[in-house]
Student: 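Supplied in structure tokens, the structure appears directly below.
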Amino acid sequence: MPDREPPGWLWLRDRLIRLRQATRPGAAETVPAPAARTAVVTDSAAALPADWVRDFTADGRLAVVPMPVMVGAEIYGEGEDDIAETIAVALASGVPVRTSRPSPGQFEQAYLAAAARGFESVVSIHISGELSGTADSARLAAGRVGIPVEVLDSRTVGMAQGMGVQSAVVAAADGRSADEVKAFAEERLARTKVYFYVPSLEQLRRGGRIGAAASLWGTMFAIKPILAVDGGKVVPLEKVRSAARAIARLEEIAAADALSRPAGEARIAVHHFGNPAEAEQVASRLALLLPDCPPAQISSLPAVLAAHAGLGVLAVIVGESSTPLPGAGPTPGAAGTAGGSRTLST
């Protein structure tokens, strides 16, 4: 089942196409193309749509560093190998699945590539430091290169991290400085939430994301937990007795969050692993609850996250527009503010 990108997120693609076309001889459109100033680097835990990544890595403005996943004794690279089926089989059969951080050398290569393409600085946005040492690898690499690099711990995962990355690319496409790009991403990340349901806590326990006591408690009492990412950590949100009720409650929590956002700003993403039909059903029900919200992006959880969440996970990410249309949207540099906003220049 192909990933689906909501129409509200196509603004950035259209804008960058116009910026590129404006530099071609005889181009009819007169949109000024900003100087190549800031590139954005992230890791594969950001769960960015594959088509989106292909579009924006073409000119070097975005780079995604793959995170390694170990299945038994074999090492795979997210994005380099088709490992979803391998991980699913391993999880179902009890074969150990582990993850690791990318090496500093991988980030160093990404930063040097940005410099070679003429970018003056890099903003590097990564999975929560509470869940992975990826940002530490990025910081080590940043100290080895001549191009200035701002490393940002997203304090989140999945498309919540991805929405921050998209926001950074928006600001970078507008020719903003690295500080402004980072601030705009921080502001969007701070307003993005992750809610998820897992049929079993065991895989999270094996990966050290929750305690052994919590896993045993959930197994003994057949509790179906609803979890969240808060402060960069996985935290329990609610305890529900049945899978059906847990999924229904997940939808209620996500819808309530989205409805609390400024009108027209809410954006939704739905992740799954091994259960795409359930994810489609969740997205359909959320569409009924949120008629003014663009359709949810539906995608399989990245392998590096699926390795910890396990089969049957359902996650709903609630954020706000990272690609503001003319006349609406936050200003880079306004991190931490609520309410006050201005249009990104177009």
Student: Less than 4.5 Å apart, any side-chain heavy atom of R37 and any of S177?
Tutor: yes
Student: Test salt bridge (Lys or Arg N to Asp or Glu O under 4.0 Å) on R188 and E265 and set out the steps.
Tutor: CA-CA 11 Å; R188 294 291 88 177; E265 283 291 294; 3.8 Å; yes
Student: Calculate, to the nearest 0.5 Å, the distance between atoms CD and CG belonging to E238 and L227 respectively.
Tutor: 11.0 Å
Student: Using the rule given for side chain to side chain contact (heavy atoms under 4.5 Å, CB included), can you reason through S128 versus D153, listing the C-alpha separation, both sets of side-chain angles and the distance that settles it, and then say yes or no?
Tutor: CA-CA 6 Å; S128 171; D153 179 348; 4.2 Å; yes
Student: Can you see which heavy atom on G232 is nearest to which on L131, and at what distance?
Tutor: O-CG, 3.5 Å
Student: So D136 and R139, do their side chains get closer than 4.5 Å, heavy atoms only?
Tutor: yes
Student: Looking at every heavy atom in both A45 and P302, which two are closest together, and how far apart are they?
Tutor: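 Closest approach of A45 to P302, heavy atoms only: O-CG, 4.2 Å.
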Student: Over all heavy atoms of both residues, which pair between P102 and T134 is shortest? Give the atoms and the distance, please.
Tutor: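 Nearest heavy atoms, P102 then T134: CD-OG1, 3.5 Å.
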Student: Is a donor from one side chain sitting under 3.5 angstrom from an acceptor on the other, for S299 and H271?
Tutor: yes
Student: Counting only heavy atoms from other residues, nucleotides and ligands, does the tally under 6.0 Å from CZ of R98 exceed 12?
Tutor: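 Atom CZ in R98 is not packed in, count stays at 12 or less.
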Student: If you group Ile, Leu, Val, Met, Phe, Trp and Tyr by side-chain heavy-atom gaps below 4.5 Å, do I253 and I268 land in one group?
Tutor: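 Same cluster: I253 reaches I268 through Ile, Leu, Val, Met, Phe, Trp or Tyr contacts under 4.5 Å.
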Student: Is the closest side-chain heavy-atom distance between T86 and E74 below 4.5 Å?
Tutor: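 With C-beta onward as the side chain, the pair stays apart.
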Student: Nearest 0.5 angstrom please: S121 OG to I147 CD1, how far?
Tutor: 6.0 Å
Student: Do you know which two heavy atoms are closest between P262 and R191, and how far apart they sit?
Tutor: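 Looking at all heavy atoms of both residues, the closest pair is CD-NH2, 4.0 Å.
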Student: Within a strict 4.5 Å, meaning less than it, do heavy atoms of the T192 and I317 side chains meet?
Tutor: yes
Student: Would you say that V41 contacts V149 through its side chain, given a criterion of any heavy-atom pair below 4.5 Å between the two side chains?
Tutor: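 Counting from C-beta outward, V41 and V149 never come under 4.5 Å.
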Student: Tell me the closest heavy-atom pair linking A58 and R117, and the distance in Å.
Tutor: O-NH2, 3.1 Å
Student: With a 4.5 Å cut-off on side-chain heavy atoms, are V169 and W52 touching?
Tutor: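 They are in contact (side-chain heavy atoms under 4.5 Å apart), so the answer is yes.
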Student: Show, in sequence, the C-alpha distance, side-chain angles and deciding distance for S100 and M70, and conclude whether the side chain to side chain contact (heavy atoms under 4.5 Å, CB included) test is met.
Tutor: CA-CA 8 Å; S100 182; M70 290 158 280; 3.7 Å; yes
Student: Answer yes or no: is there a side-chain heavy-atom contact under 4.5 Å between I127 and L305?
Tutor: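 Sidechains of L305 and I127: in contact.
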Student: To the nearest 0.5 Å, what is the distance between CZ (R261) and CG (D292)?
Tutor: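 That separation rounds to 15.5 Å.
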Student: Look only at the side chain of Q109 and the backbone of Q106, and say whether a donor-acceptor pair between them is shorter than 3.5 Å.
Tutor: no
Student: For the backbone of A172 and the side chain of R61, can you confirm whether one donor and one acceptor N or O come within less than 3.5 Å of each other?
Tutor: yes
Student: If Ile, Leu, Val, Met, Phe, Trp and Tyr residues are connected whenever their side-chain heavy atoms lie under 4.5 Å apart, and connections chain through other members, are L140 and M67 in the same group?
Tutor: no
Student: I'd like to know if the side chain of K224 and the backbone of V198 have a donor-acceptor N/O pair within less than 3.5 Å.
Tutor: no
Student: Given side chain to side chain contact (heavy atoms under 4.5 Å, CB included), test V157 with V229 step by step and report yes or no.
Tutor: CA-CA 8 Å; V157 294; V229 176; 4.1 Å; yes
Student: Check the angle between the aromatic planes of F107 and Y111 and answer parallel, tilted or perpendicular using the 30° and 60° thresholds.
Tutor: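 Parallel: the ring planes of F107 and Y111 meet at under 30°.
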Student: Is any NZ, NE, NH1 or NH2 atom of the basic residue among E252 and R245 found under 4.0 Å from an Asp or Glu carboxylate oxygen of the other?
Tutor: yes
Student: Enter the distance from E180:CD to K182:NZ here, rounded to the nearest 0.5 Å.
Tutor: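 Interatomic distance, E180 CD to K182 NZ, rounded to 0.5 Å: 13.5 Å.
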Student: Within this structure, what is the CD1-CD distance for the pair I298 and E278, rounded to the nearest 0.5 Å?
Tutor: 12.5 Å
Student: With rounding to the nearest 0.5 Å, note down the distance linking CG in L112 to CD in E108.
Tutor: 5.5 Å
Student: Would L189 and R155 count as a side chain to side chain contact (heavy atoms under 4.5 Å, CB included) if you check the C-alpha gap in whole Å, the side-chain angles of each, and the deciding distance to 0.1 Å?
Tutor: CA-CA 8 Å; L189 286 165; R155 309 290 289 171; over 6 Å; no
Student: Quick one: does any side-chain atom of S154 pair with a main-chain N or O of I125 as donor and acceptor, under 3.5 Å?
Tutor: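 Side chain of S154 to backbone of I125: no pair is present.
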Student: Less than 4.5 Å apart, side chain to side chain, heavy atoms only: is that true for E251 and V316?
Tutor: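 The answer is no; the side chains never approach within 4.5 Å.
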Student: Is there a chain of hydrophobic side chains (I, L, V, M, F, W, Y, each step under 4.5 Å between heavy atoms) that links V235 to V240?
Tutor: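 No; V240 is not reachable from V235 via cluster members.
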Student: Among the clusters formed by ILVMFWY side chains lying less than 4.5 Å apart, do F273 and V89 turn up in the same one?
Tutor: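 Hydrophobic grouping puts F273 apart from V89.
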Student: What pair of heavy atoms forms the shortest contact from E320 to R267, and how long is it?
Tutor: C-CG, 3.9 Å
